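Order of appearance sets the numbers: ligands from 1, and atoms from 1 within every ligand. This one's a predicted model, so the numbers in the text were calculated from it and none came from an experiment.
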Amino acid sequence: MKGRQWERWRRPWNRLGGGSGGGGVCRLGMGPGCCSFSFCWGQARGHGVGTSSSSLWNLMGNAMVMTQYVRLTPDMQSKQGALWNRLPCFLRDWELQVHFKIHGQGKKNLHGDGLAIWYTKDRMQPGPVFGNMDKFVGLGVFVDTYPNEEKQQERVFPYISAMVNNGSLSYDHERDGRPTELGGCTAIVRNLHYDTFLVIRYVKRHLTIMMDIDGKHEWRDCIEVPGVRLPRGYYFGTSSITGDLSDNHDVISLKLFELTVERTPEEEKLHRDVFLPSVDNMKLPERSEPKALLLSPPATTTSVTVAQEYRRSRHWPEHIARWVFSRLQQLVRDLLLSLEL
Ligand SMILES: [Ca+2]
């Protein structure tokens with residue numbers, strides 16, 4: 001990356017609320033002692049995608065290494081592909097820059113399905129969520145190009161959304177992931193003649209997603225979620241899938257930057273390592289939880305985000321109390337019936 005280009009990646013932390021300590025320092029993640037990675041053709045060949053055992057990357061499915069990029073899927077039906085980094089990442093604060101291109105022959109909404117960027121516990125697990133496994137553990141960021149849900153007038157596609165999962169939630173493909181999304185924004189990214197970028201920034205448990213898709217070399221805000229707890233030691237990857245409709249989903253570069261941010265002693269205590277992903281003030285259901293306790297959006301509202309659902313879920317003790325009470329009622333009824341007999 002050229003110096004001038006590098007400048008545009010930098011952004012005052014205070015504006016993002018991530019740098020109470022007077023601003024952070026970014027450095028390219030290829031430095032010593034850093035688990036960061038990058039492939040950018042002609043610049044970081046040693047870390048490029050390849051078949052040698054020294055490659056930091058694994059390809060999966062229909063993904064192909066081309067001269068200047070990795071093609072996750074070609075513009076053909078029923079393909080899926082992925083690219084995964086081999087090393088778990090133990091950075092506390094990081095920024096992933098994704099240079100991608102989505103293009104194809106399809107007109108209007110006759111193209112799909114989009115691509116996803118992952119920071120997850122598991123890697124190389126093909127599945128239905130943009131080519132990756134469902135019920136993943138970690139963070140997924142989706143560039144969804146096809147509106148599956150019919151009533152989607154209030155939402156213009158392609159649409160970027162994010163989801164944090166502890167392994168208990170399914171991505172609802174038919175509803176474009178709305179029941180579980182943390183937030184999102186429209187991103188017109190198909191068939192553009194200029195470069196398109198996404199950046200996922202994770203600083204002090206603050207998740208920020210921005211995009212540069214207008215050819216103006218400017219970042220636009222997309223998603224901002226505080227209180228996101230992501231364990232260290234997960235894997236970065238990207239994946240894509242096509243169905244009846246298709247597109248070329250190309251990744252030109254993935255660059256991870258370590259972000260060095262000062263923490264106060266109090267923040268050090270607060271930001272202790274976690275073992276499962278979660279979002280503050282949001283209740284992720286446990287796998288074994290009774291169905292009655294799982295939160296589902298009301299049938300009448302299609303635009304309620306999971307964030308809103310989770311905020312409501314702060315009343316979960318009431319749900320438990322109601323459930324226990326109904327069970328007790330049932331037990332008493334059963335007892336009375338058996339006495340009558
Ligand atoms: Ca979709």
### Query
With no hydrogens and no angle check, do the side chains of R123 and N58 hold a donor and an acceptor under 3.5 Å apart?
yes
### Query
Only one of L198, V143, I241 clears side-chain contact (heavy atoms from CB on, under 4.5 Å) with L115; which?
V143
### Query
Does D144 put an N, O or S atom under 3.0 Å from the Ca ion (ligand 1)?
yes
### Message
Restricting to N/O/S atoms, is D176 within less than 3.0 Å of the Ca ion (ligand 1) or not?
### Response
yes
### Message
Closer than 4.0 angstrom, basic N to acidic O: yes or no for R155 and E181?
### Response
yes
### NZ (K101) with more than 12 external heavy atoms under 6.0 Å
yes
### Message
Between N148 and the Ca ion (ligand 1), is there a contact where an N/O/S atom of the residue lies under 3.0 Å from the metal?
### Response
yes
### Query
Measuring to the Ca ion (ligand 1), does T145 have an N/O/S atom at a distance below 3.0 Å?
no
